[in-house]
Amino acid sequence: MKILLASRNAGKLREFSELLPEVRFIPWPADAPELPETGAFFQDNALQKAEGARAWWLAHGREPVDGVLADDSGLCVDALWGGPGVLSASFAPDLSTYRDKNRRLLAMVPDGADRAARFVCVLAYAPREGEAFTVSGAVEGSLAFDHRGDGGFGYDPVFIPDGYDHTFGELPPETKHTLSHRAMACAALRARLTRLPR
Ligand code: ITT
């Protein structure tokens with residue numbers, strides 16, 4: 001299967017290629033437009049990106065694809081009323097590295113507060129023709145006290161999944177792929193894709 005990935009996030013592209021090795025992913029081209037994500041919910045944004053990318057690809061795409069996949073995801077921290085959540089990508093825009101963004105995020109959580117957090121991922125798949133659908137996944141965990149480990153991307157170094165003592169930044173990708181929000185969503189996507197008419 002050939003799927004256009006409507007994302008500029010290199011960490012996501014790497015993870016999708018590892019989680020769905022049977023799919024050939026075409027990355028969103030560098031000269032393609034920025035995909036708007038103006039919704040209030042992960043699901044709205046995932047659908048907006050998948051449908052926007054499909055429309056652009058139909059007019060400008062260089063090769064046919066079976067469908068278009070978009071991912072809207074983020075880290076939801078209970079002590080921050082679920083933030084940064086759907087705004088995870090735009091959190092702390094004045095800071096350029098995730099080491100600094102993570103440090104600011106940790107500093108926003110008051111001492112003694114509940115550190116429960118979860119990663120959420122909503123995937124929208126728009127087939128070449130027909131209606132798009134979404135699937136989702138989540139992983140429960142807690143916020144670390146420091147930025148730990150350099151693996152993964154984004155907020156991985158400050159998130160400890162339940163049942164582990166290490167952050168996603170410290171755990172090997174193979175472990176992240178057995179329990180992550182994106183892994184759960186990919187399993188649901190694979191099940192849906194196998195039921196689609198060819
Ligand atoms: P695209 O919209 O181009 O896909 P993006 O980075 O803007 O890329 P989102 O709007 O979905 O993607 O923002 C999600 C942010 O949440 C992302 O930039 C990371 O900071 C964070 N995030 C999502 N999944 C993550 C993961 O598995 N590990 C660490 N951080 C993650």
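The basis for the numbers below is simple: all heavy atoms, side chains too, and nothing from hydrogens, waters or symmetry mates. Quick note: residue numbers are just sequence positions, from 1. We count ligands from 1, going down the list as the structure has it; atoms in each ligand are counted the same way.
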Asks: Quick one: salt bridge (Lys or Arg N to Asp or Glu O under 4.0 Å) partners of R54, sequence neighbours excluded?
Replies: none
Asks: Less than 3.5 Å apart, which donor and acceptor atoms pair up between the side chains of residues 27-36 and the rest of the protein, not counting sequence neighbours?
Replies:
from	atom 1	to	atom 2	distance (Å)
W28	NE1	P33	O	3.0

Asks: Could you tell me if T38 and Q48 have a donor-acceptor pair between their side chains, going purely by distance under 3.5 Å?
Replies: yes
Asks: For D94, is the CG atom crowded, meaning more than 12 foreign heavy atoms sit under 6.0 Å from it?
Replies: yes
Asks: Ion pair present between K49 and D71, side-chain N to carboxylate O less than 4.0 angstrom?
Replies: no
Asks: If you look only at distance, which donor and acceptor atoms sit under 3.5 Å apart when one is on a side chain in residues 126-133 and the other is two or more places apart or in another chain?
Replies:
from	atom 1	to	atom 2	distance (Å)
R128	NH1	V65	O	3.3

Asks: Heavy atoms under 4.0 Å from ligand 1: which residues qualify?
Replies: S7, R8, N9, K12, E37, K49, D71, D72, S73, G74, S88, A89, Y98, F119, F153, G154, Y155, D156, K176, H181, R182
